[in-house]
Amino acid sequence: RLDARRTLKSLVADLRIMSKRIDYIIDDIKEQYLENDNNIPWIIGFSGGKDSTVVLTLVWRALLAIRKELGNIALTRQVYVVNNDTLVENPIITDYIVEVMDKIQSAAIDQKLPINVQTTVPKLEDSFWISFLGKGYPVPNNTFRWCTDRLKIKPTTQFILDKVDIMGEAIVLIGTRLTESATRAKSIRRHEIKGKRLTKHPLNPNTYTYPPIKDLYLEEVWYILNNEPSPWGYDNKKLFQIYADATADDYECPTVITDKTQPSCGQSRFGCWVCTVVKEDKSMKALINNGNQWMAPLLKYRDEMVAGRNISENRYATRRNGQAAQDADGHNQGNYTFEYRCEMLRKLLELQRNMQQVKPHMELISNQELVAIQINWYRDGFFSPKVTDIYNEVYNRNMPLENMQYQERLILEKVCVEHPEDYHLINDLVSLQKSKTILMNNNGLQGDIEKRLDNYLNQQ
């Protein structure tokens with residue numbers, strides 16, 4: 001009994017200390033929010049994970065406290081809750097994020113708080129599937145990690161720069177903590193200025209970073225999530241369950257990656273389902289083993305991308321710029337061959353078709369991306385098979401991809417009745433011109449047309 005009392009006393013004391021430390025952080029946030037700095041907008045990178053959720057929770061509580069203390073005045077500094085969607089996120093996290101972001105926006109409106117929800121996505125030409133299947137980039141690894149810059153850094157950086165253009169400056173609130181890892185602690189210490197809350201962003205001009213929860217321990221993070229009601233009315237038990245199911249390491253993606261010195265999702269719990277930087281996706285395996293067997297085909301496709309990466313037959317002997325790309329043993333190290341891209345697109349569409357039987361709303365690749373892949377194939381001089389040929393085969397449909405109007409096609413077919421190959425040539429040339437229009441860029445059109453004409457003449 002004596003030991004039990006001592007344990008209870010110790011627990012109560014710990015909770016009091018935690019509560020005081022949390023109140024101190026809220027006071028710090030309130031003080032920074034009320035700074036006379038022309039209401040520089042705040043940007044909270046929201047991954048949906050534990051740390052970014054805690055940052056938003058404490059900011060929300062600080063805003064409510066400020067308004068109450070100042071007599072319910074309207075708060076003027078804008079707070080942007082920004083989630084970066086790579087378009088290839090773990091589907092479980094995608095569904096969770098959509099639900100949470102809707103809750104946050106609705107609650108902010110109801111509570112009349114200056115909180116705005118935003119989602120950033122990569123530019124179409126930078127998306128994972130365009131880079132992999134359209135342009136033939138080898139899937140990322142530790143020495144060629146093109147995904148972080150294209151899928152994360154560029155979209156969030158652009159959002160920040162847009163706010164800087166409007167307001168002159170911006171403050172990014174990050175959910176990094178000193179106790180996460182020695183590397184993270186070293187990074188925080190390296191950039192912080194003694195006695196200052198804000199530090200200069202290492203890359204973006206007129207941008208500052210503010211890590212309000214940098215001194216919190218993991219136990220305090222979970223204490224907030226499990227014991228404090230969500231100010232936007234969401235059940236944090238769902239988040240806890242996701243972590244419980246994905247029991248691998250205890251690491252989460254940075255909330256907003258705007259600096260290449262920050263770790264990418266290569267070792268993250270909440271990363272992209274296509275991540276090939278790690279040898280083994282432990283979190284996805286854990287999710288599958290904990291009742292999400294429907295995700296197993298996703299993991300299989302991801303593993304197939306890893307296995308096929310360095311096979312010489314899947315790669316060209318030159319890079320996209322024509323530079324030689326072979327090692328001393330004659331192993332091809334250029335971009336992926338057109339045949340391999342077609343094969344992997346077919347398998348991706350088959351995967352999507354099968355997944356939609358279990359999850360009807362699931363879309364692994366968008367129609368926009370399919371169109372952009374076709375455009376890149378045209379630009380590389382590949383006209384058969386077309387993306388729609390593969391799509392129709394997988395989905396057992398008959399969707400034509402023609403670039404002329406119906407009447408134009410009828411006239412052209414009549415003219416080319418004795419030489420049907422001429423019809424395909426003209427349609428391909430129209431496709432090239434149309435692709436340039438879609439991309440709003442006519443650079444290289446003449447070269448692309450000459451390449452197609454050369455291919456046609458060589459086949460005669």
Side-chain angles (χ1 to χ4, degrees), residues 86-88 122-151 264 266 272-279 281 297-352 364-366 368-391 393-394 428 431-432 435 439 444 447-448 451-452 455:
T86 62
L87 305 179
V88 282
K123 289 183 178 179
L124 184 60
E125 62 267 28
D126 285 339
S127 84
F128 182 85
W129 298 121
I130 307 303
S131 301
F132 169 42
L133 298 174
K135 301 174 184 176
Y137 284 3
V139 292
N141 63 8
N142 278 319
T143 57
F144 185 47
R145 193 180 296 190
W146 51 263
C147 52
T148 303
D149 184 61
R150 290 167 178 261
L151 305 186
S264 75
C272 305
W273 72 267
V274 295
C275 182
T276 53
V277 175
V278 290
K279 293 181 180 179
D281 193 331
L298 296 174
L299 182 60
K300 181 180 178 183
Y301 186 90
R302 175 262 175 202
D303 290 344
E304 190 168 348
M305 287 193 296
V306 175
R309 187 185 193 281
N310 295 320
I311 295 177
S312 184
E313 291 75 14
N314 295 341
R315 310 272 289 269
Y316 286 123
T318 58
R319 295 188 174 86
R320 290 186 61 81
N321 61 5
Q323 186 180 22
Q326 282 186 321
D327 62 18
D329 298 324
H331 186 96
N332 293 340
Q333 296 181 320
N335 57 311
Y336 287 130
T337 64
F338 178 59
E339 292 74 18
Y340 182 70
R341 289 182 244 174
C342 291
E343 175 190 350
M344 293 305 287
L345 174 61
R346 179 176 288 104
K347 289 183 177 181
L348 176 65
L349 290 172
E350 289 172 348
L351 173 61
Q352 177 174 266
L364 300 180
I365 183 169
S366 69
Q368 274 189 315
E369 288 175 304
L370 291 172
V371 170
I373 287 171
Q374 183 64 74
I375 289 171
N376 278 279
W377 287 3
Y378 283 151
R379 296 195 66 182
D380 285 350
F382 303 123
F383 295 89
S384 181
K386 291 181 170 63
V387 169
T388 44
D389 296 333
I390 299 172
Y391 184 92
E393 179 185 330
V394 171
D428 288 344
S431 298
L432 283 172
S435 73
L439 294 175
D448 291 345
K451 185 189 300 183
R452 178 64 184 98
N455 290 342

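Excluded from the calculations below are hydrogen atoms, water molecules and symmetry mates; all remaining heavy atoms, backbone and side chain alike, are included.
Between N335 and R319, the shortest heavy-atom contact is OD1-C, 3.9 Å. Between N314 and G308 the shortest heavy-atom distance is ND2-O, 3.0 Å. Here the closest non-hydrogen pair linking E369 and I130 is O-CD1, 3.3 Å.
Considering CZ of R309 and CZ of F144, their distance stands at 7.5 Å, rounded to 0.5 Å.
A donor-acceptor pair under 3.5 Å is formed between the side chain of K135 and the backbone N or O of E125. Between the T337 side chain and the Y316 main chain, no donor and acceptor come within less than 3.5 Å of each other. A donor-acceptor pair under 3.5 Å is formed between the side chain of K386 and the backbone N or O of F383. Looking at R346, its side chain never comes within 3.5 Å of a backbone N or O of I390 through a donor-acceptor pair. Between the side chain of D327 and the backbone N or O of D329 there is at least one donor-acceptor pair closer than 3.5 Å. At least one donor-acceptor pair closer than 3.5 Å links the side chain of W377 to the backbone N or O of L133.
In this structure, the side chain to side chain contact (heavy atoms under 4.5 Å, CB included) partners of Q326, at least two apart in sequence or on a different chain, are A317, N332. Listed by chain and residue number, nothing satisfies the salt bridge (charged side-chain N to carboxylate O under 4.0 Å, His left out) test with E339 (two or more places apart in sequence, or in another chain). Annotation: side chain to side chain contact (heavy atoms under 4.5 Å, CB included) contacts of D303 (sequence neighbours excluded): L299. For N142, the side chain to side chain contact (heavy atoms under 4.5 Å, CB included) partners are R145, V277, not counting sequence neighbours. When the ring-ring contact (aromatic ring centres under 6.0 Å, His included) test is applied to Y137, the partners found at least two apart in sequence or on another chain are W146. Remark: E350 engages no residue in a salt bridge (charged side-chain N to carboxylate O under 4.0 Å, His left out) (not counting sequence neighbours). For Y340, there are no side-chain hydrogen bond (donor to acceptor under 3.5 Å, both in side chains) partners at least two apart in sequence or on another chain. Residues that satisfy the side-chain hydrogen bond (donor to acceptor under 3.5 Å, both in side chains) test with D126, not counting sequence neighbours, are R150. R320 meets the salt bridge (charged side-chain N to carboxylate O under 4.0 Å, His left out) test with D380; sequence neighbours excluded. Residues satisfying the side chain to side chain contact (heavy atoms under 4.5 Å, CB included) criterion with Q368, sequence neighbours excluded, are L124, S366. In this structure K347 satisfies the side-chain hydrogen bond (donor to acceptor under 3.5 Å, both in side chains) test together with E304, E343, sequence neighbours excluded. The salt bridge (charged side-chain N to carboxylate O under 4.0 Å, His left out) test applied to R302 returns no partner, not counting sequence neighbours.
For the pair V306 and V139, the minimum side-chain heavy-atom distance is 4.5 Å or more.
The aromatic rings of F382 and F338 lie parallel to each other, with less than 30° between the two planes, well short of the 60° mark.
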